[in-house]
There are 2 protein chains.
Amino acid sequence: MTDLEKIPAPRLWLVLARAFHSVAAYIEGSVTAQGLGLSDFMVLEVLLHKGPLTISVIGEKVLLASASMTSAIDRLERHGLVRRRSCSSDRRIRLVELTEDGKIFIEETYARHEKDLERVTEGLSDVERRVMYEGLKKVGLAAKVAVPTERCKSLDGVQNG
Amino acid sequence: MTDLEKIPAPRLWLVLARAFHSVAAYIEGSVTAQGLGLSDFMVLEVLLHKGPLTISVIGEKVLLASASMTSAIDRLERHGLVRRRSCSSDRRIRLVELTEDGKIFIEETYARHEKDLERVTEGLSDVERRVMYEGLKKVGLAAKVAVPTERCKSLDGVQNG
DNA sequence: ATAAGATATCTCGACGTCGAGAAAAGATTC
DNA sequence: GAATCTTTTCTCGACGTCGAGATATCTTAT
């Protein structure tokens with residue numbers, strides 16, 4: 001099975017994308033409650049592990065834009081899982097914190113989530129995990145740093161709309 | 001190297017998700033033309049490398065649902081990059097193929113895309129690539145097979161592949 | 001104190017995606 | 001041939017996400 005060929009970048013990207021999709025779908029199925037999606041779960045998880053945070057800080061951690069964060073927190077607040085608290089020292093800020101219900105929900109859900117993730121990665125040796133971890137970090141960082149790429153003139157005459 | 005601890009599954013998932021997001025954003029920036037997104041690009045890429053295909057087959061390859069495929073092909077057709085062709089042997093089917101413009105566009109874009117991907121993964125050794133590739137395949141497959149978690153009823157047992 | 005700039009959040013409109021279901025054509029069974 | 005599934009694509013409505021811009025507040029320079 002061990003091809004000694006070098007894995008081409010597009011192939012690596014393909015399996016990365018597929019793995020992400022499959023795991024995301026898997027997690028979503030196990031973690032989602034009515035009206036809550038993966039992003040909402042991630043917000044709750046951050047709050048569970050880091051305590052109350054501002055909306056923009058949460059957004060950085062779960063990779064959501066500010067507009068998306070507003071609706072995510074709206075959603076969670078509507079379900080009674082989080083609460084917005086104003087801050088007297090900086091009145092622009094809204095500190096978001098878990099309610100009692102939210103804490104109970106995310107603690108239970110996260111425990112299941114953790115087990116599910118372990119199940120899906122149990123086929124990996126310690127070395128594989130380490131290599132994948134370092135490698136993914138490397139790639140992610142390179143992509144983040146390199147974000148601006150030149151875009152050319154394609155599709156000029158084809159505008160429509 | 002620094003740490004000999006076993007990487008916990010949630011941490012692995014975290015870097016996987018971040019790497020995916022960063023690379024997807026990176027690619028999108030380099031590949032996207034006006035009115036076209038990453039999915040559209042992936043559709044064109046499949047057509048370039050596999051030739052004309054039906055809408056549902058493309059959908060399987062680029063991980064898009066049928067409703068999404070309809071609008072993706074509409075979009076590409078509106079831009080004059082692909083064409084729907086009817087099939088006389090099975091009149092349910094719509095064969096999608098690249099137009100001349102589409103072929104030119106995707107050939108040029110894919111070449112750039114490939115270089116961009118290589119740039120982002122050039123920090124990885126051959127061994128790292130191999131381990132990541134095999135590991136990601138393993139995880140992706142495990143997640144796909146395991147999709148149903150408790151809240152889902154299982155009426156089919158194990159489906160291989 | 002005032003003005004100018006930065007920051008945090010929210011609103012609005014647009015887009016991509018999806019599930020459910022409809023419509024049309026093929027396949028199977030009687 | 002007729003009834004019944006199955007497959008393929010499309011339509012519709014709902015949802016999550018985002019960029020751009022609005023608003024309120026804090027910060028800094030003058």
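Numbered from 1 within each chain, the chains take letters A, B, ... in sequence-line order. All heavy atoms count here, side chains included; hydrogens, waters and symmetry mates do not.
Position along DNA chain D of the nearest nucleotide to A67(A) versus L36(A) favours L36(A) as the more 5'-ward residue.
Ring geometry for H21(B) against F20(A) counts as perpendicular: the plane angle is over 60°, on a 0 to 90° scale with 30° as the lower cut. Ring-plane geometry between F41(B) and Y110(B) is classed as parallel, the angle between the planes falling under 30 degrees on a 0 to 90 degree scale with a further cut at 60.
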Stepwise, does the side-chain contact (heavy atoms from CB on, under 4.5 Å) test hold for D40(A) with L81(A)? CA-CA 10 Å; D40(A) 308 278; L81(A) 300 175; over 6 Å; no
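Comparing the end axes of the helix from dA1(C)-dT30(D) to dC30(C)-dG1(D), each fitted to five base pairs by superposing C1' atoms of four pairs onto the next four, gives an inter-axis angle of 10° (nearest 10 degrees).
Every pair tested for ring pair (Phe, Tyr, Trp, His ring centres under 6.0 Å) that includes a residue from residues 54-91 of chain A fails, sequence neighbours excluded, so the list is empty.
Looking only at distances, a side-chain donor or acceptor of R130(A) sits under 3.5 Å from a matching main-chain atom of E5(B). Side chain of T109(B) to main chain of F105(B): a donor-acceptor pair is present (N/O by atom type, distance under 3.5 Å, no hydrogens or angles). Of the possible donor and acceptor atoms, none in the side chain of S30(A) sits under 3.5 Å from a partner among the backbone N and O of Y26(A). Judged purely by atom type and a 3.5 angstrom limit, T32(A) has no side-chain atom pairing as donor or acceptor with the backbone of G37(A).
Going from atom CD1 of I93(B) over to atom C1' of dT8(D) covers 7 Å, rounded to whole Å. Rounded to an integer number of Å, the gap from D90(B) CG to dT6(D) P is 17 Å. As rounded to whole Å, 10 Å separates atom C1' of dT9(C) from atom CZ of R92(A). Taking atom CD of E60(B) as the reference point, atom P of dT7(D) lies 12 Å away to the nearest angstrom. dG16(D) atom C1' lies 18 Å from atom CZ of F41(A), rounded to whole Å. Atom CG in L63(B) sits roughly 13 Å away from atom C1' in dT17(C) (whole-Å rounding). Rounded to a whole Å, the CD1 atom of I58(A) is 17 Å from the C1' atom of dT17(D). Distance L38(B) CG to dC18(D) P: 14 Å, rounded to the nearest Å.
In this structure, R84(B) places its CZ atom where more than 12 heavy-atom neighbours from other residues, nucleotides or ligands lie under 6.0 Å away.
Not one side-chain nitrogen or oxygen of S66(A) sits closer than 4.0 Å to the OP1 or OP2 atom of dT9(C).
Here the side chain of R94(A) is nearest to one of dT9(C), dC10(D), dA24(C), namely dT9(C). Distance from the side chain of L64(B) is smallest for dC18(C) among the nucleotides dC18(D), dT25(D), dC18(C). Comparing dT7(C), dA25(C), dT9(D) by their nearest atom to the side chain of R91(B) picks out dA25(C). In this structure, of dT17(D), dG26(C), dA8(C), it is dT17(D) that holds the atom nearest to the side chain of S39(A). Out of dC18(C), dT8(D), dC10(D), the shortest distance to the side chain of I55(B) is found at dC10(D).
Donor-acceptor pairing under 3.5 Å is recorded for the side chains of R129(B) and T121(B).
Residue A65(A) is in sugar-phosphate contact alone, with no base atom involved, counting any heavy-atom pair closer than 4.0 Å across all strands shown.
For DNA chain D, the neighbouring residues in residues 69-88 of chain A, judged by any heavy atom under 4.0 Å, are S71(A), R75(A).
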